[in-house]
Q: 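Just dropping this structure here.
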Amino acid sequence: MKRLIICLLGILGSLGYVEAENIEISTPHTSLLLSYETGGALKWVYYGNKLSETDIRSMKSGQWDAYPVYGLNTPSETALSVRHADGNMTLQLEVCEVESSSQDDAELFKVLLKDKVYPLHVTLYYKAYHDVDMIETWAEYSHQEKGEVLLNQFASAYLPIRRGDVWLSSLYGSWANEARLVQEPLLPGMKIVKNKDGVRNSHTAHAEVMFSLDGQPRENEGRVIGAALCYSGNYKLRIDTDESEYHHFFAGINEENSTYRLKADEVFRTPELALTYSEEGLSGCSRNFHRWARTHKLANGDQLRKILLNSWEGVYFKIDEEKMEQMMADIASMGGELFVMDDGWFGDKYPRNTDRSSLGDWMVNEKKLPSGINHLIDEAKGKGIKFGIWIEPEMANLKSELYEMHPDWVLKAKGRDVVTGRGGTQVVLDLANPEVQDFVFGVVDTLMTRYPEIDYIKWDANMSILNHGSGYLGAEEQSRMYIDYHRGLENVCQRIRRKYPKLTIQACASGGGRVNYGLLPYFDEFWVSDNTDALQRIYMQWGTSYFFPAIAMASHISASPNHQTFRTVPLKYRIDVAMSGRLGMEIQPQDMTESEKELYRKAIAEYKEIRPVVQQGDIYRLVSPYDKLGVASLMYVSPKKDEAVFYWWKMEHFHNQHLPRVKMAGLEPETYYRIHELNRIDKQPLDCEGQVFSGAYLMSNGLELPYNHLVDRTEKNEYASRVLRLEKVD
Ligand code: GLA
């Protein structure tokens, strides 16, 4: 451990002998540079491409505090604002000590700061990964004041971004229309991206953003900073463009209605903000996020995901033994590897037939499943597939045995009627309460103890916190409710992962309500959206791919007309879209024709071939659906660049339409690749089928793709899509 103790040096500093010290925090290709003078503030100097020793020596100490605090000379935005036990509203921090230590995967820097007058400490952490360009930063606060210190604002981190033509890319949306991409120049004033749902934090806006520093965002060129707040609760990202030369970016827990009373010696830790930088455009930043996710953040990120059938859109609540057996037989016969029984299997006194009852009563409904879950697992095993199950363990319905037994376990404001959610009777359990945490852990633990061969759990969360009130927290602590809910949830998740590290768990929250890096360490994947319409999925998966890798993006083929948009999309197109993520199905196979089943079989077999490239490869987004060029396209390239999969989806249809020829990216220019079309339906192969092209040609010209499929007249429709596999030729 390198340790620089500098408080003593402060004396020398006051005599004018001390020069500013640099803290160089670097990853393979990036540097974050901070500086300090003994007994002075911590300054931010630089974040971007890796610096040379000479550059560092020549750089002047920055003008911005690395972690601005409120109270003295702060008409501008701050990261931390407190009220001391004696009522004083000001902070003034000085650097006391800087430590750095090597961990397995990263270098950890710890900057200890102390208020000049009060016994209040702030420790800033910077974790720089050895193998990926990602730096995580967070803060910890503690004090020894006589009384509680009120935390009014407690951001994880601050980053100044030099003004110029800086553009922000962020994701917004709603249920069934998640992760819409919006790109806008940063103009004077304050831009806020926030969430206050309490439970699900990524339906309406995402806690991840990218800043394109060189004007209008480009996918494969230009300098980009990416930032992801690793938190599952309410958050706030602020970008203040004030009178200065910089945009001021702050990210942290949303402090609204969440004032925190910090007791003496208690440690408050903020969530991490993960920062990345790339000179290869937005896609370059995405590749950094994906690599970091797969190797460091996501549960079991190095394991390929199974191809599954989920029962929801196939049978909804109408679960019974016969249908489950039939669905398992069908998915097994098509080459699938896992069957997931969704909502509707539980509830004894109150059977779960609609969304109005039974949450909390996690026992099998014996009328629907007389031979129980072990029988279903045996059936699955007999067919060579695995079995998974749906739960929503943080919730209850007023009509449930759980609520009858523990009415005090739900979030509810004292003296007021409870406001309910889904089905008019859903309520949220109070995860601040350790007994409730034990119960929620027990939901998984009991299932896994009774049925140890369950391979997959879909963990849902279908309600916001609509009642500010915890029966567990004291009167003084009510404003901690949102924070303590997520601490409770994280505690439960940690217990589950300690005991069941290999279990596959999907984070679902009415679709994509929990797509964040706060929860992903405990989950293997997430449900992108309850909307399975292939055309709309292109937009949603495009946006989601900015920050999250394909391996985690559950992407299912569903029925046509689609159950959410009622759009009729041919199977070929539905397959080609679903195959760009973690492939699955969400459909009743009984309703399919034999020729459709054949297409599924082929698609599943082909997906197995390309699965390592899709799930472990590097993404290159090529043509955005938002650019309205009539086509959208992206590709995945294997880390060794010896294989790639190229996706091309037509987005609109006109006769004699002129679609752009799509240039590929990410290939080795000198390498030759053989082209093979997957999921082919055309009577004749494409001109490029089986042909060999150099990476250079493919990246500067691209291939000519017809805008229609060559099929019988009766099978013609307005859709067209292509999936091409590229393999290196020796
Ligand atoms: C949520 C999920 C769906 C499904 C239903 C079941 O809406 O997002 O996928 O599991 O709940 O009630």
Side-chain angles (χ1 to χ4, degrees), residues 173-179 197 199-204 232 308-319 323-324 327 338-347 350-362 365 368 387-397 399-400 420-428 443 447 454 456-464 504-516 519 523-533 536-537 540-541 544 552-559 562-565 578 581-588:
S174 59
W175 173 79
N177 189 21
E178 289 92 339
D197 181 279
V199 171
R200 303 163 297 184
N201 76 2
S202 56
H203 266 141
T204 50
S232 62
L308 64 85
L309 170 66
N310 177 291
S311 68
W312 181 242
E313 288 195 24
V315 298
Y316 291 103
F317 289 108
K318 295 207 175 68
I319 280 184
K323 284 198 209 95
M324 296 301 97
M327 290 178 107
L338 166 71
F339 173 72
V340 182
M341 178 167 70
D342 208 283
D343 198 352
W345 60 269
F346 54 94
Y350 304 110
R352 175 80 166 172
N353 295 325
T354 68
D355 61 7
R356 291 191 288 280
S357 73
S358 325
L359 293 177
D361 302 349
W362 303 107
N365 182 285
K368 296 184 186 190
F387 182 82
I389 198 161
W390 180 96
I391 52 173
E392 194 180 353
E394 298 154 73
M395 307 284 164
N397 285 110
K399 200 169 158 191
S400 68
T420 51
R422 188 181 182 196
T425 75
Q426 186 161 333
V427 284
V428 183
V443 174
L447 274 176
I454 287 181
Y456 177 108
I457 283 183
K458 174 172 174 180
W459 177 306
D460 217 332
N462 288 312
M463 188 183 161
S464 321
T504 306
I505 315 182
Q506 180 188 76
C508 176
S510 321
R514 274 191 171 165
V515 183
N516 63 60
L519 282 183
F523 291 81
D524 301 67
E525 60 170 37
F526 51 82
W527 186 218
V528 175
S529 175
D530 272 353
N531 184 342
T532 54
D533 174 285
Q536 199 166 344
R537 273 279 178 142
M540 292 189 282
Q541 295 182 182
T544 306
M553 260 197 236
S555 174
H556 296 180
I557 310 166
S558 63
N562 177 267
H563 291 191
Q564 295 81 38
T565 61
R582 195 281 281 133
L583 178 67
M585 290 160 69
E586 184 101 8
I587 194 165
Q588 171 52 290

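One-based numbering, in listed order, for ligands and for the atoms of each. Everything quoted here is computed from the prediction, not taken from an experiment.
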Q: Relative to ligand 1, is Asn462 under 4.0 angstrom through side chain, backbone, both or neither, heavy atoms considered?
A: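 Side chain only; the backbone of Asn462 stays clear of ligand 1.
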Q: Pull out every atom of ligand 1 sitting under 4.0 Å from any heavy atom of Lys458, numbered as shown with elements.
A: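 In order of number, 3 (C), 4 (C), 9 (O), 10 (O).
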Q: Does the side chain of Gln536 come under 3.5 Å of the side chain of Asn177 through a donor N or O and an acceptor N or O?
A: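 Indeed, the side chains of Gln536 and Asn177 share at least one donor-acceptor pair under 3.5 Å.
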Q: Testing Glu178, Glu525, Glu394 for salt bridge (charged side-chain N to carboxylate O under 4.0 Å, His left out) with Arg514, which one passes?
A: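 When Glu178, Glu525, Glu394 are each tested with Arg514, the salt bridge (charged side-chain N to carboxylate O under 4.0 Å, His left out) holds only for Glu394.
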Q: Any N or O on Phe317 sitting closer than 3.5 Å to an N or O of ligand 1?
A: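 Looking only at distances, the answer is no, because the N/O contact criterion of under 3.5 Å is not met.
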Q: Any N or O of Glu586 that comes nearer than 3.5 Å to an N or O of ligand 1?
A: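 No.
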Q: Counting neighbours of NZ on Lys399 that are heavy atoms of other residues, nucleotides or ligands and sit closer than 6.0 Å, is the number greater than 12?
A: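 Atom NZ in Lys399 is not packed in, count stays at 12 or less.
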Q: Specify side chain, backbone, both or neither for Glu392, according to which of its non-hydrogen atoms lie closer than 4.0 Å to ligand 1.
A: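 Near ligand 1, Glu392 shows nothing, with every heavy atom at 4.0 Å or more.
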Q: Is it the side chain, the backbone, both or neither of Asp460 that has a heavy atom closer than 4.0 Å to ligand 1?
A: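 It is the side chain that gets close, since no backbone atom is under 4.0 Å.
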Q: Would the distance check show the side chain of Ser400 and the main-chain N or O of Ala396 forming a donor-acceptor pair, the cut-off being under 3.5 Å?
A: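 Answer holds: no.
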Q: Assert yes or no for the condition that the ring centre distance of Phe317 to Trp312 is strictly below 6.0 Å.
A: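 For Phe317 and Trp312, the ring centres are under 6.0 Å apart.
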Q: Which pair of non-hydrogen atoms, one from Ile319 and one from Ser311, has the smallest distance, and what is that distance?
A: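 Reported closest heavy-atom pair: CD1-OG, 4.1 Å.
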Q: Heavy-atom distances under 4.0 Å are what count here, so tell me which part of Arg422 touches ligand 1: side chain, backbone, both or neither.
A: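 Side chain only.
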Q: Distance-only, no hydrogens or angles: does the Trp527 side chain make a donor-acceptor pair with backbone N or O of Ser555 under 3.5 Å?
A: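 Checking the backbone N and O of Ser555 against the side chain of Trp527, no donor-acceptor pair under 3.5 Å is found.
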Q: Check each atom of ligand 1 against the heavy atoms of Asp342 and keep those under 4.0 Å away; list them by number with element.
A: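 In order of numbering, the contacting atoms are 4 (C), 6 (C), 10 (O).
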Q: Checking a contact table here: which protein heavy atom is nearest atom 3 (C) of ligand 1, and how many Å away?
A: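 I find the closest protein heavy atom is Asp530 OD1, 3.4 Å.
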Q: I need the contact type for Cys508 against ligand 1. Using non-hydrogen atoms and a strict under-4.0 Å cut-off, is it side chain, backbone, both or neither?
A: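 The part of Cys508 near ligand 1 is the side chain, not the backbone.
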